[in-house]
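Scroll down for the structure; my scribbles are underneath it.
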Amino acid sequence: MLEISRIRTERAKVEQGLKIKGWTEEKLAILDLIIAADDKRKQLQTENDGYLSERNKLSKEIGDLFKAGKASEAQAAKLQVEELKEKIAIAESAMQAQIIELESKLIELPNIPHPSVPAGHSESDNEVSKPWSNELPELPETALPHWELATKYNILDMKLGVKIAGAGFPVFIGKGSRLQRALINFFLDEATEAGYTEIVPPLLVNEATARATGQLPDKEGQMYYVTKDDLYLIPTAEVPITNIYRDTILNLDQFPIKMTGYTPCFRREAGSYGADVKGLNRVHQFDKVEIVQLEHPDKSYETLDQMVAHVEGLLQKLELPYRILRLCGGDVSFASALTYDLEVYSAAQKRWLEVSSVSNFETFQSNRLKLRYRDEDGKKRLAHTLNGSALALARIIAALLENNQTETGIIIPEALRKYTGFDIID
RNA sequence: GGAAGAGUGGCAGAGCUGGUUUAAUGCACUGGUCUUGAAAACCAGCGUGCGGCAACGUACCGGGGGUUCGAAUCCCUCCUCUUCCGCCA
């Protein structure tokens with residue numbers, strides 16, 4: 001959630017940023033409505049505080065009067081408070097309504113993009129900041145897409161998932177399962193090596209948690225919801241891990257806080273269809289190792305670059321062709337200021353698959369998280385939050401299977417062999 | 001799931017027969033005095049949000065609601081923790 005103070009003090013920047021995200025001149029009118037709503041909220045609070053102050057004063061007097069034995073005067077004062085109470089009730093409910101009104105508008109504002117974010121409306125406007133420089137791998141005509149390889153080698157069964165749960169719930173088998181586990185361990189070890197502390201968080205979270213990282217209300221339809229216990233299945237480890245530091249005030253020497261965690265991720269993916277959802281391209285449950293950092297605002301972009309480099313290193317070690325995109329204003333997520341997507345080339349499908357998204361949220365998340373730090377001058381300021389996939393498994397497996405297929409079987413990249421215990425799937 | 005007890009500021013811990021508690025006190029922390037330096041001692045400061053230039057006002061004693069002129073204190077409800085019982089990887 002954007003800070004109101006930014007709308008007031010950096011109006012021009014905010015407007016410019018919203019335009020990069022595709023906002024029209026007309027939509028910008030909401031900014032004035034927000035300021036007006038906030039002004040009214042302040043005014044209502046001042047009014048209400050005045051009434052409360054009077055009430056507190058009178059109540060104290062009543063106590064003193066009773067002690068002094070002046071019962072009739074006390075009775076008179078009681079009547080006065082009685083009147084005040086009506087005013088307080090009105091002022092308080094008006095204030096509550098105003099806060100809700102304000103929040104409902106504020107929540108519509110996305111984060112303001114970083115100056116480097118290119119304008120644009122869709123994927124095609126994303127800037128390829130680091131293209132794959134070599135030639136893309138060419139496979140023979142007989143090459144198979146990963147869902148057919150899966151059947152051929154009996155390592156993954158999508159139909160079985162349908163039987164057990166529904167479409168989009170893969171069942172890995174044998175070496176497929178082992179490959180899954182190998183990748184998780186490889187990614188976690190690499191993250192640990194890079195200084196991230198490993199976390200095993202809850203996979204279900206409460207409403208306050210989902211709200212703090214912005215899944216609610218923005219992406220409510222994306223999450224599975226357990227009504228009986230009022231819990232949400234996590235769509236990414238980012239949610240529980242970032243929330244570790246909800247309602248926290250950090251000291252400067254605690255930066256940067258680096259956390260990693262493996263979790264399954266659950267996404268309803270309502271409305272998806274076609275080639276996008278074929279095989280492992282888009283599923284309801286997938287495994288992912290996430291990296292999260294909490295950083296000082298002065299250093300967060302440096303940190304973002306480091307995180308991208310970390311993910312890049314993973315792809316290099318897996319010997320997968322990849323490219324890095326700087327997302328345009330129209331494609332960058334609601335909460336992000338700057339996002340790099342890393343895509344892997346899936347040679348049999350002849351398409352790029354997004355396997356990682358690394359973002360700097362600046363203060364957009366920490367504002368809701370109430371994640372702050374105490375500056376040199378003792379002032380409390382919002383910290384910056386960043387996260388990225390390092391990496392998402394399902395699509396990595398899709399690419400690995402396709403790119404590494406040979407007549408004799410699927411070759412496991414060198415870096416992974418000590419984790420799989422085998423060097424070929426045949 | 002059942003029963004009993006408990007949830008107070010970074011920590012510990014009073015208050016809980018409703019009104020100088022506008023949350024005592026100790027520890028920790030910060031600044032100062034003293035000291036060659038440190039420790040000790042002494043002095044001062046020290047929670048969070050909102051409003052206000054400020055003085056200050058207001059709210060917060062697990063969450064929510066209620067009673068009352070007035071609630072940390074009484075009542076209801078939910079959550080969490082501890083102990084016991086039940087169930088169970």
Side-chain angles (χ1 to χ4, degrees), chain A residues 1-9 34-107 200-212 216 226-232 240 243-255 257 264 363 365-383:
Chain A
M1 192 159 62
L2 211 60
E3 302 143 79
I4 297 180
S5 58
R6 280 184 75 184
I7 302 171
R8 289 181 185 274
T9 60
I34 288 171
I35 289 175
D38 191 41
D39 285 341
K40 192 172 175 201
R41 189 205 104 245
K42 289 183 184 181
Q43 178 222 318
L44 284 169
Q45 189 183 336
T46 305
E47 188 189 331
N48 192 39
D49 278 2
Y51 293 143
L52 286 171
S53 179
E54 263 185 80
R55 185 200 63 183
N56 289 344
K57 209 173 115 209
L58 279 170
S59 294
K60 201 165 193 178
E61 282 173 18
I62 290 169
D64 292 341
L65 286 170
F66 271 121
K67 275 181 195 161
K70 299 176 180 170
S72 60
E73 288 178 43
Q75 286 302 334
K78 274 193 187 185
L79 289 176
Q80 271 186 290
V81 177
E82 208 68 51
E83 275 175 50
L84 264 177
K85 278 173 86 173
E86 282 172 38
K87 286 185 185 170
I88 289 169
I90 294 167
E92 218 151 51
S93 67
M95 192 172 75
Q96 287 309 322
Q98 188 61 30
I99 289 170
I100 290 168
E101 165 79 12
L102 174 64
E103 286 238 326
S104 72
K105 288 192 170 70
L106 205 52
I107 218 130
V200 179
L203 306 181
L204 284 86
V205 296
N206 58 31
E207 187 189 325
T209 296
R211 198 164 284 281
L216 291 176
V226 182
T227 52
K228 198 162 186 178
D229 296 292
D230 202 16
L231 293 169
Y232 296 85
N243 265 277
I244 290 172
Y245 285 91
R246 170 153 50 98
D247 287 319
T248 302
I249 300 174
L250 299 167
N251 292 320
L252 282 173
D253 59 12
Q254 289 180 270
F255 287 126
I257 290 175
T363 58
Q365 277 188 332
S366 56
N367 190 26
R368 276 203 222 171
L369 282 162
K370 296 194 177 63
L371 164 57
R372 290 159 296 168
Y373 67 96
R374 212 177 288 278
D375 216 343
E376 285 96 343
D377 55 11
K379 287 235 170 76
K380 289 174 289 293
R381 300 176 207 282
L382 293 170

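Just so we're clear, the structure is a prediction, and the values are computed from it rather than from any experiment. Every chain is numbered from 1, with letters handed out A, B, ... down the list of sequences.
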Using a 4.0 Å heavy-atom cut-off, does [X] contact any base of the nucleic acid, only the sugar-phosphate backbone, or nothing at all?
X       : result
A:Asn56 : sugar-phosphate
A:Leu58 : nothing
A:Glu82 : sugar-phosphate

So, does [X] use its side chain to make a donor-acceptor pair with the main chain of [Y] at under 3.5 Å?
X        : Y        : result
A:Asn206 : A:Leu231 : no
A:Ser59  : A:Arg55  : yes
A:Gln98  : A:Ala37  : yes

Taking only the [atom1] atom of each, what is the distance from [N] to [M] in whole angstrom?
N     : M     : atom1 : answer
B:C60 : B:U73 : P     : 10 Å
B:U30 : B:U68 : P     : 49 Å
B:A3  : B:A89 : P     : 25 Å
B:G47 : B:A23 : C1'   : 11 Å
B:U8  : B:U25 : C1'   : 14 Å
B:G62 : B:A72 : C1'   : 12 Å
B:G5  : B:G19 : P     : 24 Å
B:A14 : B:A4  : P     : 24 Å

Query raised in the report: Taking for each residue the nucleotide of RNA chain B bearing the nearest heavy atom, is the 5' side occupied by A:Ser53 or by A:Val81?
Result: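 With A:Ser53 and A:Val81 compared, the 5'-side residue is A:Ser53.
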
Using heavy atoms to find the nearest nucleotide of RNA chain B for A:Arg55 and A:Ser59 separately, return the residue whose nucleotide is more 5′.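 The residue whose closest nucleotide sits nearer the 5' end is A:Ser59.
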
For the student: nearest non-hydrogen atoms of [X] and [Y], plus distance:
X        : Y        : value
A:Pro240 : A:Val205 : CB-CG1, 4.2 Å
A:Met1   : A:Asn367 : O-ND2, 2.8 Å
A:Arg368 : A:Ala212 : CB-O, 3.4 Å
A:Tyr232 : A:Glu207 : CE1-CA, 4.1 Å

For [X] and [N], give me the distance from atom [atom1] to atom [atom2], rounded to whole Å.
X        : N     : atom1 : atom2 : value
A:Leu52  : B:C69 : CG    : C1'   : 14 Å
A:Tyr373 : B:G10 : OH    : C1'   : 21 Å
A:Gln96  : B:G64 : CD    : P     : 10 Å
A:Leu84  : B:G70 : CG    : C1'   : 13 Å
A:Ile99  : B:U58 : CD1   : P     : 18 Å
A:Lys87  : B:C69 : NZ    : C1'   : 16 Å
A:Glu207 : B:C78 : CD    : P     : 19 Å
A:Asp230 : B:U80 : CG    : C1'   : 16 Å

Salt bridge (Lys or Arg N to Asp or Glu O under 4.0 Å) contacts touching residues 38-51 of chain A (sequence neighbours left out)
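Residue pairs passing salt bridge (Lys or Arg N to Asp or Glu O under 4.0 Å), neighbours aside: A:Arg8-A:Asp38, A:Arg8-A:Asp39, A:Asp38-A:Arg41.
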
Self-check item: Carboxylate-amine/guanidinium proximity below 4.0 Å for A:Lys78 and A:Glu82
Solution: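 Judged by the 4.0 Å cut-off on N to carboxylate O distance, A:Lys78 and A:Glu82 do not form a salt bridge.
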
For A:Asp375, is there an ion pair with A:Arg381 - N to carboxylate O distance below 4.0 angstrom?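 Yes, charged N to carboxylate O under 4.0 Å.
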
Please determine whether side-chain hydrogen bond (donor to acceptor under 3.5 Å, both in side chains) holds for the pair A:Thr248 and A:Arg372, giving the CA-CA distance in whole Å, both sets of side-chain angles, and the decisive distance to 0.1 Å.
CA-CA 6 Å; A:Thr248 302; A:Arg372 290 159 296 168; over 6 Å; no

Exercise. Give each stem of RNA chain B as a range with a range, requiring at least 3 consecutive Watson-Crick or G-U wobble pairs whose two distances are under 3.5 Å.
Key: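 Runs of three or more consecutive pairs: B:1-7 with B:79-85, B:10-12 with B:25-27, B:29-33 with B:41-45, B:47-51 with B:56-60, B:62-66 with B:74-78.
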
With B for base contact, S for sugar-phosphate-only contact and - for none (protein heavy atoms under 4.0 Å), nucleotides 46-52 of chain B reads --SSBSS

Query - Distance test, side-chain N/O of A:Lys60 to OP1/OP2 of B:U22, below 4.0 Å - result: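 No, A:Lys60 has no side-chain N/O under 4.0 Å of OP1/OP2 on B:U22.
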
